[in-house]
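Below: one structure, written as structure tokens.
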Amino acid sequence: MTSWVPAEFTAALPEIFVALAAMALLLIGAFRGDSQTRTSGWFAVAVLIVAGGLVAGTAASPGSAFGGMFVADAFARFTKILVLTGTALAVILSISYIEREDMARFEYPVLFLFATVGMMMMISANDLIALYVGLELQSLALYVAAAFRRDSLRSSEAGLKYFVLGALASGMLLYGASLVYGFAGTTSFAGIAKSLGANPGNIGALVGLVFIMAGLAFKISAVPFHMWTPDVYEGAPTSVTAFFAVAPKVAALSLFVRVLVGPFGSIVAQWQQIIVAIAILSMVLGAFAAIKQTNIKRLMAYSSIGNVGYMLVGLAAGTEAGVRGMLIYLAIYLAMTVGTFACILAMRVHGRAVEGLDDLKGLGRNRPALALVLAVFMFSMAGIPPLAGFFGKYFVFLAAVQAGMFALAVIGVLASVVAAFYYLRIVKIMYFDEPADAFDRLPGREVGVVMTVTGLFIALFLIIPGPMLHAAAVAAKSLFPG
Amino acid sequence: MYSAIVFLPLLGAAIAGLFGRLIGDRASQWVTTGLLLISAVLACVGFARVVLGGAPFDVEVMRWIVSGTFEVSWALRFDALSAVMCVVVTVVSGMVHAYSWGYMSHDKSIARFFSYLSLFTFFMLMLVTSNNFVQMFFGWEGVGLASYLLIGFWYDRPSANAAAIKAFLVNRVGDFGFALGILGTFMVFNAVAFDTVFAGVPGVAGKTVHFLGLSVEVMTLLCLLLFVGAMGKSAQLGLHTWLPDAMEGPTPVSALIHAATMVTAGVFMVCRLSPMFEYSQTALTVVTVVGALTAFFAATVGLVQNDIKRVIAYSTCSQLGYMFFAAGVSAYSAAMFHLTTHAFFKALLFLGAGSVIHAMSGEQDMRKMGGIWRKIPVTYTFMWIGSLALAGVPFFAGYFSKDLIIEAAFASKTGVGQFAFWMGTIAAALTAFYSWRLLFMTFHGESRADHDVLHHVHESPVSMTAPMALLAVGAVFSGVALAGLFTGEASSAFWGKAIYVAANHTALKDAHHVALWLKVLPIAVAFAGILAAWYMYIRKPNLPAAMAAEFSDVHSFLYNKWYFDELYDVLFVRPAKWLGRVLWQGGDGRIIDGFGPNGLAALTLDVARRAARLQSGYLYHYAFAMLIGVALFVSYYLFVR
Amino acid sequence: MILQALAFYLFAAVTIASGVMVIAARNPVHSVLFLILAFFNAAGLFVLMGAEFLAFILVIVYVGAVAVLFLFVVMMLDINFVELRQGFLQYLPVGALVGVILLVEMVFVIGAWVVSPEATGLLAAKAPALAQATNAEALGRILYTKYVYLFQASGLVLLVAMIAAIVLTLRARPGVRRQNIADQVARSRDASVEVKDVPVGKGV
């Protein structure tokens with residue numbers, strides 16, 4: 001009985017560490033009150049960085065733990081590091097923001113840490129129950145984060161909507177999981193794979209998978225399960241939205257990949273069609289609906305829907321190259337999105353945060369540096385070489401073409417042309433429209449640093465793409481044994 | 001050495017063009033003129049080598065294009081034809097460069113001007129030394145470009161821009177024919193090198209091809225297409241309209257490009273391709289008729305023009321007609337001879353006209369000149385020499401070449417030859433008339449210029465008169481010096497294989513043995529023309545106006561250049577504009593933009609509006625969307641698959 | 001055996017019927033009451049399966065705590081039921097259509113149900129025979145060993161839920177007086193009593 005304990009600890013050390021640190025932070029906060037929020041914010045960042053180190057260090061040897069419910073492989077390592085990076089950046093961006101917006105309470109970083117634990121559990125889930133528990137831990141923390149500014153009607157509404165729809169999605173997921181369990185007699189991914197391998201055409205398992213996919217698609221806000229996204233993005237506090245836009249996307253998409261490629265890997269041909277459908281719907285809706293938006297957070301919501309569509313193109317290919325492309329896209333998407341939200345956080349006029357596209361008018365003249373950085377992100381999102389965004393799209397479309405899905409790739413390219421319209425419109429507004437009121441100084445030095453670092457990553461990705469591409473390749477390979 | 005002849009001007013053009021601002025106008029002038037003069041000396045050396053009986057040879061610069069069976073090497077051919085052309089081009093160009101020192105001294109962008117001049121020279125040399133069609137076409141288009149740049153040199157003048165565009169567009173028509181001819185040649189012979197093509201011509205002669213339901217002889221089709229190119233470049237009747245307008249460019253440009261060199265490229269091309277033209281009697285007939293008509297037409301128009309440069313421009317047009325009908329009756333060496341002598345005296349006339357314009361502070365209208373011969377005696381003398389040479393007064397250069405052409409036309413004994421002979425003779429009389437009309441109106445009689453202008457009339461500086469003097473030497477002696485070499489007994493040895501004349505085409509040989517009256521007739525009509533001019537402009541100065549009033553229809557017909565521009569306006573320009581407008585507003589605007597960019601954009605916005613409206617904000621809508629999505633996917637698996 | 005089957009169908013039917021009534025009832029208080037009924041019947045189903053521990057947990061926790069809390073909340077909140085119903089009726093056709101389609105599809109699925117032949121071999125934790133261990137014992141044996149990961153993770157979920165409740169609802173209201181025993185005990189006489197010398201006949 002005692003023999004497995006050390007192994008569990010090494011494989012799940014980062015999760016255990018973050019969970020314990022979160023509880024410690026909770027205790028400190030409970031005793032010290034809200035005055036120490038800034039300190040606990042930086043403490044949380046430190047925790048996340050250490051956890052990243054642990055992930056990078058411990059997961060060198062892939063292993064499973066807790067009776068096979070938890071798996072730590074190269075794929076998990078890659079995506080966990082992305083999640084930890086995204087969360088850390090989001091926390092850094094939040095520190096000044098929550099003080100300014102009068103919502104600096106010590107629970108804020110604690111919630112982020114618990115959400116991170118949930119996300120890491122999702123990534124490492126190797127069992128339907130583990131999947132569900134991780135997902136719920138993450139979601140619950142996010143519901144609260146969305147409603148964190150409880151005095152704001154919009155924030156509360158966002159949290160409530162997210163909660164209700166999230167509950168519905170969780171219900172679907174559980175229903176699907178129970179169908180699959182009923183068929184396979186087990187919730188372990190390996191077991192499901194075994195059952196399906198022996199009996200691939202089972203309609204019950206397939207319908208169960210559809211429900212599971214619906215639940216997961218909700219988390220990554222893929223059409224038609226995306227409806228919550230614009231409202232929640234707009235209503236939630238901006239720093240929380242920045243968090244929403246990156247880390248949970250990474251985690252849910254990783255989970256999506258792991259579920260589809262792992263236990264359901266033998267019925268690729270079946271789930272591929274659904275992925276293709278939601279990928280196309282996401283890309284097209286993300287591209288078209290964003291055009292009419294006037295609120296930049298709402299616009300970013302549609303942008304993230306569209307980006308999820310592109311990432312699903314990589315998954316739809318169902319190949320190692322596709323997953324690799326998707327992982328590269330994820331990493332680049334994370335940098336672009338965090339950077340863009342850093343710019344959005346800098347949108348303050350007369351001490352008040354603004355979110356309208358019109359407020360960006362003439363930014364090129366008022367704040368040239370900020371405008372330049374935002375323009376880099378917009379060009380990158382539009383997929384214009386040599387910026388990183390181009391390579392993300394390139395690799396997923398390449399994988400789709402290699403898999404023979406020409407129509408999908410063509411639709412993707414067309415959608416990205418439409419999407420380029422609204423990204424470039426922001427650039428146009430910044431540089432060619434009559435200036436509106438100038439923005440205040442940057443809300444904090446750390447916002448500028450995040451902006452610069454992500455901006456440099458996007459602009460210079462071309463120069464040293466090697467390590468990233470290699471890591472993504474290794475991660476993708478670990479999902480496709482043999 | 002031979003590469004140097006061609007590439008030194010390019011070097012000069014590059015230096016002056018790219019670093020003109022850096023090194024200054026003076027240095028640019030030195031570099032371009034110096035390099036060009038070196039090139040001219042080298043060209044003369046090369047010419048001497050050919051005269052002494054050196055065999056023709058090719059200098060390969062590099063492989064240019066290799067694509068399948070299509071192979072073009074970039075090579076320079078030096079034989080009699082290109083040696084003559086090299087001398088003509090580099091010497092005239094060198095004189096024009098030198099002349100421009102003085103003429104352009106007040107201009108703002110001297111370096112640019114000299115760079116263009118040298119660039120033009122390079123392209124012209126490229127054209128004449130090519131040993132294949134593609135390289136010739138490269139040079140052909142290059143001189144067109146340089147011509148465009150130089151006509152529009154004063155780009156702040158709308159008329160100069162319009163003239164430049166007109167020259168370019170009219171040449172496009174010719175170049176299109178030329179390009180088609182080259183493509184056709186490649187189709188037929190599967191080669192573009194002259195040697196290969198010429199070797200294959202006898203095998204193809206007489207074969208026909210079906211084209212648009214017509215049965216056409218292959219060689220006739222190819223030659224006619226190529227001749228269309230020559231017509232465009234050499235301003236032959238129909239495609240001549242750009243040449244008078246091209247006088248908008250600076251006068252040295254007119255002298256170099258639109259008198260001595262570029263416009264003769266068409267003649268050169270026909271001579272170079274003589275092994276092809278000789279195999280198509282139809283093509284030769286067309287060449288003869290077009291040349292003869294041009295000679296006559298341009299001479300008549302030249303009678304009544306008032307712009308000094310335009311008179312000379314029409315004169316050029318007319319002389320080019322002579323060269324073409326010489327080529328048309330297989331007297332290619334006579335055509336080349338006239339080309340050479342013409343280059344000297346026409347350049348001289350233009351430079352002289354430039355000198356007059358310079359003296360008259362930019363005035364070009366002869367009606368506002370007169371009586372200035374005492375003030376600019378040097379220019380006056382040179383203009384006389386040029387005019388004597390042009391009119392074919394004995395022992396001046398023009399006499400040898402032009403009379404030979406007229407005699408050759410008569411001696412060809414064909415119907416079109418006779419036609420060309422009479423046209424040429426009449427044109428000779430007209431030529432003499434308008435040349436002396438120009439002299440008398442410009443230099444004699446009462447001055448009709450403003451007092452201010454008259455006060456400033458001054459002789460041009462040495463930098464302008466010295467090149468003119470050199471050209472004048474050419475205008476006087478080139479005829480007598482080169483007659484034996486080009487068209488005499490030794491001529492067949494001189495030209496060698498560069499010019500091919502079919503055995504039964506003996507016009508040139510027979511031309512030396514025509515009746516005496518034929519030899520005298522051109523001289524007689526020339527003197528008649530001079531006398532008529534003297535009578536009308538010196539003796540009875542009121543007569544021209546009276547005649548113009550009396551025969552106003554004829555006068556305005558001639559004055560308006562036979563209404564060619566107006567005709568083209570109605571036939572081509574307006575329909576083209578109409579078509580353009582229809583395609584622009586209807587085709588492009590309504591159909592392509594309407595369904596394309598604008599339509600798609602509108603559709604996109606419409607879809608965007610609908611997509612945004614999906615987002616109602618109601619929770620149960622969202623939940624419904626999710627449920628419907630799941631239901632659809634499940635249904636898909638249950639029922640569709 | 002017959003009795004067991006009868007009991008099963010009774011419990012199941014009542015569960016479903018009360019489930020329908022939870023959403024169909026006009027009065028939300030009735031809805032909650034139907035929910036309680038559904039819980040009870042579900043507990044009955046558990047008992048039928050021999051899972052008496054779960055049955056009691058269901059009754060004690062869900063009926064005893066959760067549903068009663070629901071009842072309080074519903075009674076205390078002022079909800080405009082008429083307005084809520086309007087939306088319901090408006091979308092009833094669409095909703096019903098989607099529901100019916102899904103229902104039909106589920107019937108199809110369950111009609112074609114196959115349990116994977118490998119399933120029995122893959123069962124993660126077979127329930128021990130009743131004679132060997134009681135319900136609670138059997139659960140406890142695996143809950144703290146095999147499923148310790150899920151157990152701890154659920155604990156985290158509950159912790160987050162607690163934090164959430166506090167974050168979203170707890171607020172320091174100014175002007176609310178609370179009893180602070182420590183303050184009361186530490187109060188000194190000087191801080192709270194003032195002795196005034198009142199002159200006779202003048203008042204304070």
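Reminder, nothing fancy here: chain letters follow the sequence lines and each chain counts from 1.
- Within 6.0 Å of CZ in B/Arg21 there are 12 or fewer heavy atoms belonging to other residues, nucleotides or ligands.
- Looking at A/Ala290, there are no atoms closer than 4.5 Å to chain B (heavy atoms on both sides), in backbone or side chain.
- Of all heavy-atom pairs between B/Gly629 and A/Pro224, the closest is CA-CG, 3.8 Å.
- The environment of CZ in B/Phe7 is crowded: more than 12 heavy-atom neighbours from other residues, nucleotides or ligands sit within 6.0 Å.
- Remark: A/Phe163 CZ is loosely packed, at most 12 non-hydrogen atoms of other residues, nucleotides or ligands lying under 6.0 Å away.
- Listed here is the closest heavy atom pair of B/Tyr637 and A/Ile203: O-CD1, 4.0 Å.
- Contact of B/Ile628 with chain A is not made at all, since no heavy-atom distance falls under 4.5 Å.
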What verdict does the side chain to side chain contact (heavy atoms under 4.5 Å, CB included) test give for B/Tyr622 and A/Leu168, after you've listed the backbone C-alpha separation in whole Å, the side-chain angles of each residue and the deciding distance to 0.1 Å?
CA-CA 10 Å; B/Tyr622 298 177; A/Leu168 180 62; over 6 Å; no
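- For A/Met213, no part lies under 4.5 angstrom from a heavy atom of chain B.
- Atom CZ in A/Phe225 sits 9.0 Å away from atom CG in B/Leu627 (nearest 0.5 Å).
- Nearest heavy atoms, B/Val630 versus A/Ala214: CG2-CB, 3.4 Å.
- A distance of 10.5 Å separates CG in A/Leu206 from OH in B/Tyr636, rounded to the nearest 0.5 Å.
- Highest contact tally toward chain B, considering only A/Ile291, A/Asp231, A/Leu209, is held by A/Asp231 [criterion: heavy-atom pairs under 4.5 Å].
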